Every structure is written in C-alpha cells, then in structure tokens.
Amino acid sequence: RAIQYTCMLLSYLIERKADKEKLVMKLKQVESSMSSGRKMFRLGNVVHALVAARSTTQLPDVVPRFCLTASNLTRAIYFVCDAVLWLKSVGLQPDVDKPKWRNWATKCYYFSLLMNLARDWYEISWRLEQAIQEEKTKENSFWDKHSQELNRVKCGDSHGFLLLLFQILKRHPPLLLDLVKNLCDLSGPLDTLGIYKTNPGVIGFCGILSSLVGILTLASPHLKLKQ
C-alpha cells in the first residue's frame, strides 16, 4: 500500500516534465500492479471484518458498539465489492459493471471511515469531559492555570479548546494515530465520489501517511487504538 501511493505521488509530481514520460509510465504500471495485488491479498478480509463486527457487538458502551459494528459490516461489504472488481481485473468475470461496483465499494469504504471518525470524536469528547470534571476537583494552585484554560473553553474560547484538544491527543498517541489515519484515508473516497475533488498528489501523500501509521501500529501494537 505504501509503495502504491508512493508511485501515485511520484508520478503526479513528475508527469509534467517532458523527459520523464517513460518513468511516469513505469510508476503508473507499478501502482496498478500493487493495487491489483492488494485486492487479491484482501480476498479473505470479509471473514475478518465479520468476526470483528461480531466482537464489537459485545462492547459495553453503546456509541463505540454502534460505530465499530457498522464500520466493520460496511467494510465487509466493501471487501465483497473489492473481490468482484478483482475478478473483473483478472478476466474471470469480464461482464462485471466495473463503474457500478467501484461506486458501491467506495461508498461502503466512505461510510466505514465516517463511522471510525465518529468513534474517534466520541473518544475525544469523552476525554474532554473527563478532563473538565477532573479539573473541577482540583483545588491546589498547581491546577489554577489549567482551570483557567478550561473556563476559557467553556466560554467559547477556540484557542483554549484547541490547546486542551492538543494536550489530550498528546497524552493518548493511539487515539491521535487512529484519527490521523482515518482522516488521511478519507481523501480517496471524497475525491472518487465527487464530494471534495483533489488530485493524485494529495491522495498519494495522504495514502503514504496513512500507510506509515498502519505500519507503525503493526510494529508497535500498543499504539493501536483498542476497541
């Protein structure tokens, strides 16, 4: 995935240079090959998504339970659409309506990301409220400055809100990484669905950043946001 989006970004950056046509063509070929390969590797992910959806239905908190279950179910549908597109790309199902299936896949992926972002915002809101409640119980001078910041947040001070938000994300790296990854992943479906048009450079950069976050959470599981 990182290689695919790196090729996308590089081809976008050099495609206007007159002497780079062959390199751009090779980069796009590698990008296409990586995309097709990823579709093949994801053939079994439908089962994984359904198992994840079953486990998230057992979560005690209703908001994460709804968001994560909906995300996993729509992601399972996305993987089904993705498998159909792969069958089309390798010639096993030549009669498949590629634009229609791609549109369905993109919509499912988009909705799944929205559910993940809703869960992230719920976690952030909960921690903001928790921080405010904790500050209310502090009476020593050490917390006076923080209490003033919270008062500014409650009075509508955007600077105070952003400062508190920054502090919370800094204290909870898994939440920050999950938020960054979901926001980066959103660029692709927003462009494909025509909601917010960008360009391959932006999508490539966001894809690389999202992939690096994914690699980091795989290498360090403690940085992955727990259910």
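The basis for the numbers below is simple: all heavy atoms, side chains too, and nothing from hydrogens, waters or symmetry mates. Residues: numbered from 1 along the sequence shown. Nothing here was measured: the structure is a model prediction, and the numbers come from that model.
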Nearest-0.5 Å distance that lies between atom [atom1] in [X] and atom [atom2] in [Y]:
X: Ile3; Y: Leu10; atom1: CD1; atom2: CG; result: 11.5 Å
X: Leu128; Y: Ile168; atom1: CG; atom2: CD1; result: 3.5 Å
X: Tyr12; Y: Ile14; atom1: OH; atom2: CD1; result: 13.0 Å
X: Lys170; Y: Leu176; atom1: NZ; atom2: CG; result: 11.5 Å
X: Leu73; Y: Phe111; atom1: CG; atom2: CZ; result: 9.5 Å
X: Thr56; Y: Phe66; atom1: OG1; atom2: CZ; result: 11.5 Å

Check the hydrophobic clustering (I, L, V, M, F, W, Y; side-chain heavy atoms under 4.5 Å; chains of links allowed) and say if [X] and [Y] are grouped together.
X: Leu50; Y: Phe41; answer: no
X: Ile77; Y: Trp86; answer: no
X: Trp104; Y: Val80; answer: no
X: Ile215; Y: Leu209; answer: no
X: Met115; Y: Phe79; answer: no

_Could you check whether atom CZ of Arg38 has more than 12 heavy atoms from other residues, nucleotides or ligands sitting under 6.0 Å from it?_
yes
_Other residues, nucleotides and ligands only: do more than 12 of their heavy atoms fall within 6.0 Å of CZ on Arg42?_
yes
*Evaluation steps, side chain to side chain contact (heavy atoms under 4.5 Å, CB included), between Glu15 and Leu27*: CA-CA 10 Å; Glu15 65 180 352; Leu27 287 171; over 6 Å; no
Could you check if a side-chain atom of [X] sits within less than 4.5 angstrom of a side-chain atom of [Y], using non-hydrogen atoms only?
X: Ser89; Y: Leu85; result: no
X: Leu175; Y: Asp120; result: yes
X: Leu113; Y: Leu183; result: no
X: Val63; Y: Arg119; result: no
X: Arg127; Y: His172; result: yes
X: Leu190; Y: Thr198; result: no

Under 3.5 Å: donor-acceptor pair, side chain of [X], backbone of [Y]:
X: Ser36; Y: Ser32; value: no
X: Asn72; Y: Leu68; value: yes
X: Ser35; Y: Glu31; value: no
X: Ser187; Y: Cys184; value: yes
X: Ser112; Y: Ser71; value: yes
X: Lys88; Y: Lys98; value: no

_Non-neighbouring partners of Trp121 that pass side-chain hydrogen bond (donor to acceptor under 3.5 Å, both in side chains), sequence neighbours left out_ = Ser125
*Residues in side-chain hydrogen bond (donor to acceptor under 3.5 Å, both in side chains) with Asp185, at least two apart?*
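side-chain hydrogen bond (donor to acceptor under 3.5 Å, both in side chains) check on Asp185 returns Arg1, Lys181, Ser210.
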Nearest heavy-atom neighbours spanning [X] and [Y]:
X: His222; Y: Pro174; value: O-CG, 3.6 Å
X: Ala105; Y: Tyr78; value: O-CD1, 3.2 Å
X: Lys107; Y: Leu193; value: CG-CD2, 3.8 Å
X: Gly194; Y: Lys197; value: CA-CD, 3.8 Å

Donor + acceptor pair across side chains of [X], [Y] (<3.5 Å):
X: Thr192; Y: Thr106; answer: no
X: Asn182; Y: Asp178; answer: yes
X: Thr69; Y: Thr57; answer: no
X: Tyr109; Y: Asp82; answer: no

*Could you go through the side chain to side chain contact (heavy atoms under 4.5 Å, CB included) check for Asn199 and Ile203 one step at a time?*
CA-CA 6 Å; Asn199 57 64; Ile203 297 173; over 6 Å; no
*Verdict with supporting geometry, Leu216 and Val213, side chain to side chain contact (heavy atoms under 4.5 Å, CB included)*: CA-CA 5 Å; Leu216 179 61; Val213 171; 5.5 Å; no
_Residue pair Val96, Gln93: steps toward the side chain to side chain contact (heavy atoms under 4.5 Å, CB included) verdict_ = CA-CA 6 Å; Val96 169; Gln93 290 292 336; 3.5 Å; yes
